[in-house]
Amino acid sequence: MTDIFGHRSLQNLCLPIFSAPMFLVSGPELVVASCHNNIIGSFPAANARTTGQLEDWLKEITAKVDAKIHASWAINLITNKLNKRLADDLAITCQYKAPIVITALGHPGPVVEKVHAYGGLVFADVATVEQARKASKTGVDGLILIASGAGGHTGSICGFAFLAAVREFWQGLLVLGGAISSGAGILASQILGADFAYMGTRFISSKESLAKPEYKAMLVDSVAKDIINTAAFTGIPNNMLRQSIEKAGFDPDNIPSSAKSKLNFDDPHSGAKAWRDIWSAGHGVGEVKEILSVKEIVASLTTQYQETLQKPIITRRFI
Ligand SMILES: Cc1cc2nc3c(=O)[nH]c(=O)nc-3n(C[C@H](O)[C@H](O)[C@H](O)COP(=O)(O)O)c2cc1C
């Protein structure tokens, strides 16, 4: 078996991390800054308003990211029937040879064959062990486990248990997401058996993200107890910032069922009010202490990672 880490889509990394795709947050600037700072940058195709705009973004990203010296980039495609743009977005993705494609909310099958044909890698985003088992049989190269505490549509299984359960039947690439916001967290995910950490919340407040300044400032002011898990706004359990729920005029401890406004993937932006006005973050939000550039965030994570490696991690050894 060839060593998957030798694959061209996994080269030039300074840390084993993805800056995770985030609706209305990750655009070309965040992707390019991530790749230039040698971590995998990613974005949801739905952040581009049309397939035409997506093509403009892919032109920009491919012009600025040099595979010889930078880390690779990834595009996130919703692969269920509700995504009416899937065929067109997938065609453009293949035309621009996205090094990594991340599927979410649907069967990765149709994507796998097309992406493998030009030499790209496919990762499936899953939130339960059952979804992981199903996705593991579709020919994907990697699984992304969304554990509890993650920003966005979170999983509900603790990462420790999720990883152990999936490693029983999956020897391919494994990415762990959910409240990993520090260098020690990245190292811990590797110790548990993950190949990469998937980090969203830590990058929302980066200077290069599309998030509004008020959203970035709220992240700096928030800690884990400010995260409320609710399906009321997007129809799926979502970790959201208490202060943004209050700001939108709701009582976070008594959210009315009428608040429900499901996302409409026919036009992802038309159903985006929940994401635009009520903001999401994961349990790792307490690590967001200031608004920094991607370069500064990566430098800080690298220092923490190195320091954790150097100090005696285990204070009391039993053997
Ligand atoms: C604001 C926001 C938007 C998100 N949008 C998407 C998305 O469009 N597609 C997706 O697959 N995951 C999305 N996610 C989930 C992230 O890709 C990732 O799984 C999560 O941020 C990891 O957990 P962390 O935030 O605790 O680091 C989103 C997360 C956040 C915080």
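Order of appearance sets the numbers: ligands from 1, and atoms from 1 within every ligand.
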For this session: Take S222 and Q243 through the test side chain to side chain contact (heavy atoms under 4.5 Å, CB included) and record every step on the way to the result.
Result: CA-CA 8 Å; S222 297; Q243 292 89 327; 3.7 Å; yes
Exercise. So which of T234, L219, I146 gets nearest to atom 19 (O) of ligand 1, if we judge by its closest heavy atom?
Worked result: I146
For this session: Give a yes/no on ligand 1: does A179 have at least one heavy atom closer than 4.0 angstrom to it?
Result: yes
Exercise. With under 30° as parallel and over 60° as perpendicular, where do the rings of W275 and F23 fit, or are they tilted in between?
Worked result: perpendicular
Exercise. Heavy atom of W275 under 4.0 Å from ligand 1?
Worked result: yes
For this session: Return yes or no for this condition: an N or O of G282 is under 3.5 Å from an N or O of ligand 1.
Result: no
Exercise. If you measure from atom 15 (C) of ligand 1 to every heavy atom of A104, G149, G151, which option wins on shortest distance?
Worked result: G151
For this session: Examine distances only and state if a side-chain atom of D195 and a backbone atom of L174 form a donor-acceptor pair shorter than 3.5 Å.
Result: yes
Exercise. Is the closest heavy-atom distance from Y215 to ligand 1 below 4.0 Å?
Worked result: yes
Exercise. Without hydrogens or angle criteria, can the side chains of S42 and N76 be said to hold a donor-acceptor pair below 3.5 Å?
Worked result: no
Problem set entry | Per-atom contacts of ligand 1 with T201, taking only distances under 4.0 Å to non-hydrogen atoms | 24 (P), 25 (O), 26 (O), 27 (O)
Exercise. Of all the atoms in ligand 1, which lie at a distance below 4.0 Å from a heavy atom belonging to G178?
Worked result: 23 (O), 26 (O)
Problem set entry | Close N or O approach (S280, ligand 1; < 3.5 Å) | no
Problem set entry | D253 bridged to R242 by N-O distance under 4.0 Å | yes
Problem set entry | No-hydrogen, no-angle side-chain donor-acceptor test under 3.5 Å, Q190 and Y305 | yes
Problem set entry | Proximal ligand 1 atoms for M199, defined as those under 4.0 Å from one of its heavy atoms | 27 (O)
Exercise. Can you list the ligand 1 atoms lying under 4.0 Å from a non-hydrogen atom of P44?
Worked result: 8 (O)
Exercise. Can you tell if the side chain of I297 reaches within under 4.5 Å of the side chain of F203, non-hydrogen atoms only?
Worked result: yes
